[in-house]
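One-based numbering along the sequence shown.
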Amino acid sequence: MEHEADLIEELIADHREIDGLFEQFDERPPGCIERKLLLEALTIELVRHAVAEEMHLYPAVREHLENGAPRANYEIAEHSSIEERLKDLEGRDAEDRDLDRLVRELRTEVRAHVEDEERHLFPQLRDGAPPFVLAQLGQKARTAKNATPPRAHPRAPGIAPLNEILAPGVGLVDRVREQATNRGHPVTS
């Protein structure tokens with residue numbers, strides 16, 4: 001029987017995937033269109049991850065940790081800051097001279113958030129929450145993240161729900177968040 005990741009393992013795997021996308025971005029030469037595509041993929045992954053944390057990690061932090069509510073609020077505020085950076089990057093071309101600096105700033109903020117979670121928050125939650133709760137939340141987090149496609153591919157805009165995410169209108173961050181939380185979509189029974 002294969003082990004399914006609990007919530008903490010699932011989120012750590014996300015952290016490694018996000019770091020890998022930053023590395024791929026850095027490996028591409030400035031002005032390369034692949035950098036813009038990687039930035040879109042990174043945006044999708046960061047927002048999907050944030051939604052999973054907000055839906056499942058932070059409620060568990062509130063419930064299972066002493067003084068968990070202020071900690072959860074702090075983490076959510078960090079997510080808002082990261083999403084604002086992502087929104088600032090949305091309209092930029094691959095050739096934009098500020099792109100590298102803005103991505104470096106984003107990466108610094110994301111790394112600090114990840115390091116704090118992995119060094120402090122996750123061990124505290126592992127000690128405070130029963131293993132079966134973390135296992136159930138891991139499954140719920142996977143389900144939440146899978147509500148949104150894992151990567152944007154520019155050659156597949158007609159494939160739902162990619163066409164909704166990549167469509168013009170509100171920004172990419174907002175479209176990913178709407179898709180991941182199912183906001184604005186009718187609930188089917």
Q. Between Glu9 (side chain) and Asp6 (backbone), is there a donor-acceptor pair under 3.5 Å?
A. yes

Q) Honestly curious: do Phe122 and Leu134 fall in one hydrophobic cluster under the side-chain, below-4.5 Å linking rule? A) yes

Q) Side chains of His113 and Glu53: closer than 4.5 Å at any heavy-atom pair? A) yes

Q. Is it true that Leu21 and Ile12 fall in one hydrophobic cluster, defined by side-chain heavy atoms closer than 4.5 Å?
A. no

(Q) How long is the straight-line distance from CD of Glu17 back to CG of Leu46, given to the nearest 0.5 Å? (A) 10.0 Å

Q.
With clusters defined by side-chain heavy atoms of hydrophobic residues (ILVMFWY) lying less than 4.5 Å apart, directly or transitively, does Ile82 cluster with Val61?
A. no

Q | Distance-only donor-acceptor check, side chains His64 and Gln124, under 3.5 Å | A | no

**Q.** Any donor-acceptor pair under 3.5 Å from Arg85 side chain to Ser81 backbone
**A.** no

Q) Do side-chain atoms of Arg142 reach the backbone of Ala5 as a donor and acceptor pair under 3.5 angstrom? A) yes

Q.
Return the CG to CZ distance between Leu37 and Phe25, rounded to the nearest 0.5 Å.
A. 11.0 Å

Q) For the side chain of Asp96 and the backbone of Asp98, is there at least one donor-acceptor N/O pair under 3.5 Å apart? A) yes

Q | Closest heavy-atom pair and its distance - Pro59, Glu54 | A | CD-O, 3.3 Å

Q: Keeping the roles fixed (side chain from Lys36, backbone from Arg92), state whether a donor-acceptor pair exists under 3.5 Å.
A: yes

Q. Out of curiosity, does Leu39 fall in the hydrophobic cluster containing Leu102 (side-chain heavy atoms, cut-off under 4.5 Å, transitive links)?
A. yes

Q | Minimum heavy-atom distance Cys32-Ala94, with the two atoms named | A | O-CB, 3.4 Å

(Q) Within this structure, what is the CD1-CG distance for the pair Ile8 and Leu121, rounded to the nearest 0.5 Å? (A) 8.0 Å

Q. Can you tell me if CZ on Arg101 sees more than 12 non-hydrogen neighbours from other groups inside 6.0 Å?
A. yes

Q) Between Arg35 (side chain) and Arg28 (backbone), is there a donor-acceptor pair under 3.5 Å? A) yes

Q. Is it true that Arg16 and Glu118 make a salt bridge, defined as a side-chain N closer than 4.0 Å to a carboxylate O?
A. yes

Q. In terms of side-chain geometry, is the basic nitrogen of Lys87 or Glu90 positioned less than 4.0 Å from the acidic oxygen of its partner?
A. no

Q | Gap separating the CD1 atom of Ile44 from the NE2 atom of His49, nearest 0.5 angstrom | A | 15.5 Å

**Q.** Verify same cluster id: Phe22, Ile33 (apolar side-chain graph, 4.5 Å)
**A.** no

(Q) If you compare all heavy atoms of Leu7 against all heavy atoms of Leu57, which two are closest, and at what distance to 0.1 Å? (A) CD2-CA, 3.8 Å

Q.
Salt bridge check, Glu75 against Arg71: does any charged N sit closer than 4.0 Å to a carboxylate O?
A. yes

Q: Please round to the nearest 0.5 Å and tell me the distance separating atom CG of Leu42 and atom CG of Leu86.
A: 6.5 Å

Q) From Glu84 CD over to Glu109 CD, what is the distance, rounded to the nearest 0.5 angstrom? A) 10.5 Å

Q: Check whether any side-chain heavy atom of Glu63 sits under 4.5 Å from a side-chain heavy atom of Val133, and report yes or no.
A: no

Q: Heavy atoms only: give me the nearest Pro30-Asp100 pair and the separation to one decimal.
A: CG-OD2, 4.1 Å

Q: State, with a plain yes or no, whether a side-chain heavy atom of His56 is found less than 4.5 Å away from one of Gln139.
A: no

Q: Measure the acute angle between the ring planes of Tyr58 and His79, then classify it against the limits of 30° and 60° as parallel, tilted or perpendicular.
A: tilted

